[in-house]
Amino acid sequence: MADTWTLGQRTFTSRLLVGTGKYPDFPTMQRALLASGAEVVTVAVRRLDLSKTGEQSLLEWIPKGMTLLPNTAACFTADEAIRTARLGR
């Protein structure tokens with residue numbers, strides 16, 4: 001039996017979750033995400049600039065097939081975190 005875990009309706013084989021922050025540029029982030037073998041990547045909703053498109057958009061650099069898990073980084077109150085989590089949904 002394979003070692004898996006389930007989040008909602010999705011089942012994963014890798015227990016590693018990786019983030020999108022702290023990389024010097026998008027190509028480096030993409031290479032790190034691919035090399036990690038992770039299937040889930042966290043994205044800070046408040047730091048995501050949806051006005052960017054194409055190669056300037058963080059979302060374009062996340063490898064296809066990875067599941068996005070929004071997080072509430074940069075929120076300082078419970079109300080902000082709840083609102084941000086709802087936006088991420």
Side-chain angles (χ1 to χ4, degrees):
M1 179 174 166
D3 183 22
T4 63
W5 64 285
T6 302
L7 180 64
Q9 297 179 358
R10 297 179 188 221
T11 299
F12 304 97
T13 56
S14 172
R15 294 183 181 276
L16 178 64
L17 281 71
V18 291
T20 55
K22 308 288 187 216
Y23 296 100
D25 53 52
F26 291 149
T28 301
M29 176 196 72
Q30 185 181 58
R31 286 191 306 274
L33 296 178
L34 287 167
S36 73
E39 297 168 277
V40 179
V41 61
T42 65
V43 177
V45 175
R46 291 186 59 111
R47 295 185 177 137
L48 185 61
D49 186 352
L50 295 176
S51 68
K52 305 272 183 175
T53 59
E55 289 189 2
Q56 294 182 345
S57 171
L58 168 84
L59 296 176
E60 291 297 318
W61 290 92
I62 295 174
K64 303 296 181 224
M66 290 194 88
T67 297
L68 299 178
L69 181 62
N71 71 48
T72 56
C75 294
F76 297 100
T77 67
D79 285 339
E80 279 183 306
I82 291 167
R83 188 175 317 112
T84 301
R86 287 183 177 150
L87 286 170
R89 197 183 319 163

Open item on the list: Tell me every residue that passes ring-ring contact (aromatic ring centres under 6.0 Å, His included) with F12, counting only those two or more places apart in sequence or in another chain.
Closed with: W5
Taking only distance into account, with no hydrogens and no angle test, what donor-acceptor pairs under 3.5 Å do side-chain atoms of residues 56-70 form with protein atoms, sequence neighbours excluded?
{"residue": "S57", "atom": "OG", "partner": "L59", "partner atom": "N", "Å": "3.3"}
{"residue": "W61", "atom": "NE1", "partner": "E55", "partner atom": "O", "Å": "2.8"}
{"residue": "T67", "atom": "OG1", "partner": "R10", "partner atom": "NH1", "Å": "3.3"}

Open item on the list: Tell me whether R47 at atom CZ has more than 12 heavy atoms from other residues, nucleotides or ligands lying less than 6.0 Å away.
Closed with: no
Quick check for you: to the nearest 0.5 Å, what is the distance between [X] atom [atom1] and [Y] atom [atom2]?
{"X": "R15", "Y": "T4", "atom1": "CZ", "atom2": "OG1", "result": "7.5 Å"}
{"X": "Q30", "Y": "D25", "atom1": "CD", "atom2": "CG", "result": "10.5 Å"}
{"X": "L33", "Y": "T28", "atom1": "CG", "atom2": "OG1", "result": "10.5 Å"}

Do you know the tightest heavy-atom contact between [X] and [Y]?
{"X": "T13", "Y": "E39", "value": "N-OE1, 2.7 Å"}
{"X": "A73", "Y": "A44", "value": "CB-CB, 3.9 Å"}
{"X": "S36", "Y": "L16", "value": "O-CD2, 3.7 Å"}
{"X": "G88", "Y": "V45", "value": "CA-CG2, 3.9 Å"}
{"X": "A74", "Y": "R46", "value": "O-NE, 3.5 Å"}

- [ ] Find out if a path of hydrophobic residues (ILVMFWY) with successive side-chain heavy-atom gaps under 4.5 Å connects M29 to V40.
- [x] no
- [ ] Is it possible for you to say whether V41 and L50 belong to one hydrophobic cluster, with membership spreading through side-chain heavy-atom contacts below 4.5 Å?
- [x] yes
